[in-house]
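Structure first, commentary second.
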Amino acid sequence: MIKITKVARMLAAARHMGPELEQKSYTVMALLDGGMLRRHKSWLKAEPPAIVVATIGSLSQLLEKQILKLDSLRVLVVDEVDFLFKSSKQLSSLRKLLTSYSSCNNRQTVFASASILQHRRFRHDCIQQKWTKGDVVHVHVNRIMPMPACLYHRFVICGRKAKHQVLLSLLQSDLPESGIIFVGEQSEKSKKSGQAPSTTAVIDFLRASYEGSLDILLLEEDMNFNSRAASLTDVRKGDGYLLVSTDIVARGIDLPETTHIYNFDLPKTAIDYLHRAGRTCRKPFSDKKYYVTNIILSEERFVLQRFENELMFHCEELTIETQG
């Protein structure tokens, strides 16, 4: 969200400076999560913004308290819309935003995502549920190739106990400029039994065994807002990093320095794979090669093949020699 706010402010400033356009100031305000209701209220009163960037949660909080009203809303952009409609936590608030807090007749509505698969059904629902006006237009940027041509996919088959050592061997041979290591979410059963999450095990192993120059950082769902912000600040300092994360990083975070993605655990769906892979290969006009490497068990090969068929990419098998 911070990245989106920064870009919005750059665009607002560019429009303000345009000689052929009306000289007008466009204020951009970011509504951050984390108990800042009173501060947001004072900011909104002092200088009402023309553009608001917010999570569904923070926006709904202000709307419910009637601190913010959308009577004059002209454009509503909902990013990662497929994820929001699948999220039980977000769905109720999103529906209220689309139908109760604002009217589709008075606004232009833009739904954005890299992975709305059933486009016709979604378009039909938009009209039927009155989320949008009746003249819905589907804009598909790249209909043929979901994955960039300079992105290479690989996999290594190993036993469960060898996965950490395989990851280390890959890091030593790849020498990534910066990388993200995706680990599966901890199950509720594992939490209740008091087991440490997989992210902790990977972080502890790398800090004990990895001898490279990259900073080893953690970002996961259960971290509080300040801890997440601190990790992202460290990532964006410009030095190389190895970010160990759950799928919280798979959407909406722009880290253009990332050259390698490692799926320590396979994602649950092809859509999740697409979004994980999309964290790399983000530098415009770059001719570099970027890599997504999957560390899988033999029985998971058919799952990866299903992802290949659905997303139309080829995955090359690697043989890794591990030490010890």
Side-chain angles (χ1 to χ4, degrees), residues 3 114-115 140-158 162-183 202 206 209-217 219 232 234-245 247 249-267 269-296 300-301 303-323:
K3 177 71 175 181
S115 51
H140 201 148
V141 176
N142 192 339
R143 186 182 300 274
I144 305 301
M145 293 289 292
M147 300 285 188
C150 56
L151 184 57
Y152 294 83
H153 304 261
R154 312 176 300 181
F155 71 94
V156 178
I157 296 177
C158 66
K163 290 181 75 171
H164 289 88
Q165 194 61 51
V166 166
L167 173 62
L168 182 62
S169 297
L170 285 166
L171 294 173
Q172 291 171 337
S173 60
D174 290 346
L175 298 175
E177 293 180 19
S178 289
I180 302 175
I181 301 164
F182 280 104
V183 181
V202 172
L206 290 177
S209 307
Y210 175 70
E211 297 179 351
S213 60
L214 303 181
D215 293 331
I216 300 170
L217 304 167
L219 192 64
L232 286 174
D234 289 339
V235 166
R236 292 187 170 115
K237 282 180 178 177
D239 301 325
Y241 54 82
L242 285 175
L243 180 61
V244 178
S245 179
D247 277 322
V249 172
R251 292 177 182 249
I253 294 181
D254 186 26
L255 301 174
E257 302 303 320
T258 303
T259 57
H260 289 68
I261 301 293
Y262 298 95
N263 285 325
F264 186 82
D265 296 314
L266 271 184
T269 68
I271 295 303
D272 293 334
Y273 187 99
L274 175 66
H275 284 280
R276 287 187 184 187
R279 295 313 97 197
T280 189
C281 201
R282 297 178 73 86
K283 278 193 173 182
F285 313 114
S286 173
D287 57 357
K288 285 185 179 180
K289 290 184 178 180
Y290 300 87
Y291 297 90
V292 178
T293 308
N294 305 280
I295 304 173
I296 64 174
E300 293 177 313
R301 179 64 185 111
V303 179
L304 185 57
Q305 286 177 326
R306 192 174 73 235
F307 295 169
E308 291 178 66
N309 294 334
E310 190 169 335
L311 298 173
M312 296 179 289
F313 69 90
H314 171 70
C315 212
E316 178 187 356
E317 182 173 8
L318 297 180
T319 302
I320 299 293
E321 294 184 8
T322 60
Q323 299 176 354

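We use all heavy atoms of the structure for the numbers below, so side chains are in, but hydrogens, waters and symmetry mates are not.
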Residue set satisfying salt bridge (charged side-chain N to carboxylate O under 4.0 Å, His left out) with R251, at least two apart, ordered chain then number -> E80, D82

The single option from V202, T293, I320 that satisfies side chain to side chain contact (heavy atoms under 4.5 Å, CB included) with L167 is V202

Starting at CG of L318, measure out to OG of S173 and round the result to the nearest 0.5 Å.
8.0 Å

Check for a donor-acceptor pair, side chain of S245 on one end and backbone N or O of L219 on the other, with a separation under 3.5 Å.
yes

Does any N or O in the side chain of S209 come within less than 3.5 Å of the main-chain N or O of L206, such that one atom is a donor and the other an acceptor?
no

Is a donor on one side and an acceptor on the other found under 3.5 Å between the side chain of T259 and the backbone of S178?
yes

Check C150 against C281 and note the closest heavy-atom contact, atom names and distance.
SG-SG, 3.0 Å

Quick check for you: to the nearest 0.5 Å, what is the distance between L304 atom CG and I157 atom CD1?
9.0 Å

With F313 as partner, the option from Y273, F155, Y152 fulfilling ring pair (Phe, Tyr, Trp, His ring centres under 6.0 Å) is Y273

Counterpart residues, salt bridge (charged side-chain N to carboxylate O under 4.0 Å, His left out), relative to D265 (two or more places apart):
K163

CD of E317: more than 12 outside heavy atoms within 6.0 angstrom?
yes

Which value, rounded to the nearest 0.5 Å, describes the distance between L266 atom CG and R276 atom CZ?
7.5 Å

Is a donor on one side and an acceptor on the other found under 3.5 Å between the side chain of T280 and the backbone of I261?
no

Under 3.5 Å, is there a donor on one side chain and an acceptor on the other for T258 and Y241?
yes

Applying side chain to side chain contact (heavy atoms under 4.5 Å, CB included) to E308 and H153, what does each step give before you reach the verdict?
CA-CA 10 Å; E308 291 178 66; H153 304 261; over 6 Å; no

Give me the atom names and distance for the closest heavy-atom approach of A270 to L311.
O-CD1, 3.3 Å

Looking at A250 and R279, what are the two nearest heavy atoms and their distance?
O-NE, 3.0 Å

Output for pair (F264 CZ, I296 CD1), nearest 0.5 Å, gives 13.5 Å

State which residues pass side-chain contact (heavy atoms from CB on, under 4.5 Å) with L214; sequence neighbours excluded, sorted by chain then number.
P176, Y210, L242

Nearest heavy-atom approach of E300 to I295 is OE1-O, 4.5 Å

Is the shortest heavy-atom distance from the side chain of D174 to the side chain of Y262 under 4.5 Å?
yes

